[in-house]
Amino acid sequence: MLTELHIENIAVIEKADIEFRKGLTVLTGETGAGKSIVVDSLGAVLGARTSRELVRTGADKGVVSAVFESANAAEWFKENDIEFEDEIIIQRKISAEGKNSCRVCGTPVSVAQLRELGALLLDIHGQNDGRQLMDEANHLAYLDSYGEYSDTLERYNAAYTEYRVCKREIKRLSMDEIEKERLADSLQYQIDELEKANLKIGEDDELSSKRDLLRNSEKLTEALDGAYNALYAADQSAQSLTDEASALIGRAASITDELRETFDIIENASSLLFDASERIRDFRDSLEFSPEEYDNIENRLSLLKKLRRKYNTDEEGMLAHLDECRKKLAELEYAGDMLIKLNKQLEKHIGNCKKIASDLSKKRQAAAQSLEKRIVSELRDLNMPSVRFSVSIEPVETEMGFDATGADDVKFLISANAGEALGRISKIASGGELSRIMLAMKTVFSKNDPIETMVFDEIDTGVSGIAAQRVGEKMSDLSRGKQVLCITHLPQIAAIADNHDLIEKNERNGRTYTQVKELDREGRCLELARMHGGDNVSELTLASAEEQLRAADNYKLTSKN
């Protein structure tokens, strides 16, 4: 559940700290006081899209922090390599330049990561949910989220994926003879070109080094000859002088053993000089080349450069491309046989999809019957006594009789009043009815939803009178298993809350400031009286507010028993 929310320099809120508790919490206040900013702040701290306009005018940045207590996010922390704690502290900073900085328990995270975490902690429902409900493309997803057949859905998704892969492969191999011949000629030309090149990995580097060597052969030969003469061939070479020194020290060592080690060192030096001279001579002899050899290297390097430019890769990549061309050419040559095999596999995949889709349809029919009863029961509790709700399931109109979602076209139909025929929600339901239908669905779906906190942002729009009271009672019932936060303008809903926060807007020194204040019993009476009568708060409206609170207390007491 959400326990704390800190808002700093967000829109008209300079600084606000809100503590949240279990049960139903309402936030009320005059229009424009900043109630929606609280919801926007919650969305921001949970990864919703934001803009620099959210930052309070004149501030460098806006900050939103939230504290949650939830075990539902343990797997997310494990996947993101962040140590899981009992208190989940989330912070998001938004600079005036539009830059974002997000942290979870002190660890920097991306907005995408924050959005994934937020989806596990809190669910925000606003007036847009009504539009989603009217969009029939969403009705199948609503039904599937209610039905307990996720294993069948997973089986169907896997079968449909296999079907699509097989169908794409058939399409790739199915071509007319002219196109097939054109592709075969292109592949054969590339194969011939690359095979003729006789490519070797690393050849370019090897040839480049040899070319550089040959370019400087004259200077290199001169240096090698000079070194060989200095070490070995000249009359006064290092080798001859070392040998002479060795002979002299040898005679001296025969007189005193103290020079024996020195003699060994000189002897070793003589051997090393001889070995170095031999190496120089052998390398010098290997430099013999003809002008034709240099031209051949240049031509070969030019060819490799041309091929690299054409195929946009190195020798290793060209060899891989050669293998791919051979494979594709072989596929073309045996395309007929492969198509026969693939078409048999496709028939099998189609049969598998239809079988699982049939099983899925049966489970959807059963779930639809249960959902209809549950929704009707909830709506009757919400002062829609004559409502009828139906889940229409018809076969999808596709060539194969199934699509990515199965074999069913799902629509929600409703009759809000007695004597009216069932019709599409978008054509039948009013704004207030849409709010109640959505609340009923959220109440039903919440039982299978692990998210612990739900936020309703003026979902009671278009509702009044007894219907408003029923909406409040339904939210109170819902709050027994969930933490529920509700932004409302209706006193009937505010009265039944367990906790009540007032959002007020004031002006100081030409600036607008919004503050959030927790109300006690007396404060709730005053706020309910204001919600009923505006500025005209009288003894009568205060008494009416107190009576409303007592009635709400009585409802919560009796409904628990």
Side-chain angles (χ1 to χ4, degrees), residues 125-149 360-397 405-449 454 456 458-478 481 484 486 490 492-493 496 555 559:
H125 309 289
Q127 298 177 55
N128 288 336
D129 288 335
R131 287 194 287 271
Q132 292 175 8
L133 181 58
M134 287 191 290
D135 185 352
E136 293 174 349
N138 296 322
H139 291 180
L140 176 60
Y142 281 126
L143 177 62
D144 285 345
S145 69
Y146 174 77
E148 297 180 355
Y149 44 79
L360 186 57
S361 294
K362 293 175 183 177
K363 293 184 178 182
R364 281 171 172 162
Q365 292 282 358
Q369 292 178 15
S370 172
L371 181 62
E372 288 170 352
K373 294 177 182 177
R374 295 284 304 279
I375 294 295
V376 167
S377 175
E378 295 292 336
L379 288 174
R380 286 177 177 167
D381 289 345
L382 291 168
N383 199 39
M384 296 179 70
S386 302
V387 70
R388 286 186 295 149
F389 178 84
S390 175
V391 180
S392 169
I393 302 179
E394 299 291 338
V396 294
E397 296 180 359
T405 62
D408 307 305
D409 182 18
V410 175
K411 292 183 179 66
F412 293 163
L413 305 176
I414 194 168
S415 170
N417 300 295
E420 291 185 1
L422 288 166
R424 294 180 171 181
I425 290 177
S426 59
K427 303 295 183 182
I428 300 295
S430 66
E433 289 165 341
L434 273 176
S435 297
R436 282 178 280 174
I437 295 169
M438 180 55 68
L439 178 58
M441 294 183 70
K442 295 299 181 184
T443 302
V444 171
F445 295 156
S446 68
K447 291 178 173 58
N448 296 326
D449 192 343
M454 301 175 71
F456 292 96
E458 298 188 15
I459 198 173
D460 51 25
T461 299
V463 179
S464 60
I466 296 175
Q469 182 179 338
R470 297 294 179 262
V471 168
E473 291 169 353
K474 185 59 62 179
M475 286 189 180
S476 178
D477 295 343
L478 184 59
V484 179
C486 177
L490 299 179
Q492 296 95 325
I493 294 176
I496 205 166
Y555 172 81
S559 61

Name all residues meeting the side chain to side chain donor-acceptor pair (under 3.5 Å) criterion together with [X]; count only those two or more places apart in sequence or in a different chain, and write none if there are none.
X	value
R436	none
S370	Y146
T405	D403
K363	T152

Do [X] and [Y] come close enough that some side-chain heavy atom pair is under 4.5 Å?
X	Y	value
H125	M438	no
L371	F445	yes
I493	C486	yes

Where do [X] and [Y] come nearest, in terms of heavy atoms and distance?
X	Y	result
G406	R364	CA-NH1, 4.2 Å
L143	Y149	O-OH, 3.5 Å
A368	I393	CB-CD1, 3.9 Å
N383	A467	ND2-N, 3.6 Å
A367	G147	CB-CA, 4.0 Å

(request) Only counting residues at least two apart or in another chain, list the ones meeting salt bridge (charged side-chain N to carboxylate O under 4.0 Å, His left out) with K411. (result)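 Per chain and number, K411 pairs via salt bridge (charged side-chain N to carboxylate O under 4.0 Å, His left out) with D409.
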(message) My understanding is that only residues two or more places apart in sequence, or in another chain, count here; which of them pass salt bridge (charged side-chain N to carboxylate O under 4.0 Å, His left out) with R374?
(response)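 Residues passing salt bridge (charged side-chain N to carboxylate O under 4.0 Å, His left out) with R374: none at all.
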Partner residues of [X] under the side chain to side chain contact (heavy atoms under 4.5 Å, CB included) criterion, sequence neighbours left out:
X	result
R380	V376, V387
Q492	A468, Q469, L490, Q548
L422	R388, S390, L413, S415
T443	E378, L439, K447, K474, L478

I need the [X] [atom1] to [Y] [atom2] distance, nearest 0.5 Å.
X	Y	atom1	atom2	answer
I414	I375	CD1	CD1	9.0 Å
S145	M441	OG	CE	7.0 Å
S377	E372	OG	CD	13.5 Å

(request) Apply ring pair (Phe, Tyr, Trp, His ring centres under 6.0 Å) to F412 and list each qualifying residue two or more places apart in sequence or on a separate chain. (result)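 Expected list: H139, F389.
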(request) Start with the C-alpha distance between N417 and S386, add both sets of side-chain angles, then the distance that settles side-chain hydrogen bond (donor to acceptor under 3.5 Å, both in side chains), and finish with yes or no. (result) CA-CA 5 Å; N417 300 295; S386 302; over 6 Å; no
(message) Strictly by salt bridge (Lys or Arg N to Asp or Glu O under 4.0 Å), give each pair with a member in residues 461-473 just once, sequence neighbours left out.
(response)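 Passing the test, one end in residues 461-473: R470-E473.
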(request) Would you check if the side chain of D135 reaches a backbone N or O of A137 as a donor-acceptor pair within less than 3.5 Å? (result)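 Yes, because the side chain of D135 sits within donor-acceptor range (under 3.5 Å) of the backbone of A137.
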(request) Report, as yes or no, whether the 6.0 Å neighbourhood of atom CD on E148 holds more than 12 heavy atoms from other residues, nucleotides or ligands. (result)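 Atom CD in E148 is not packed in, count stays at 12 or less.
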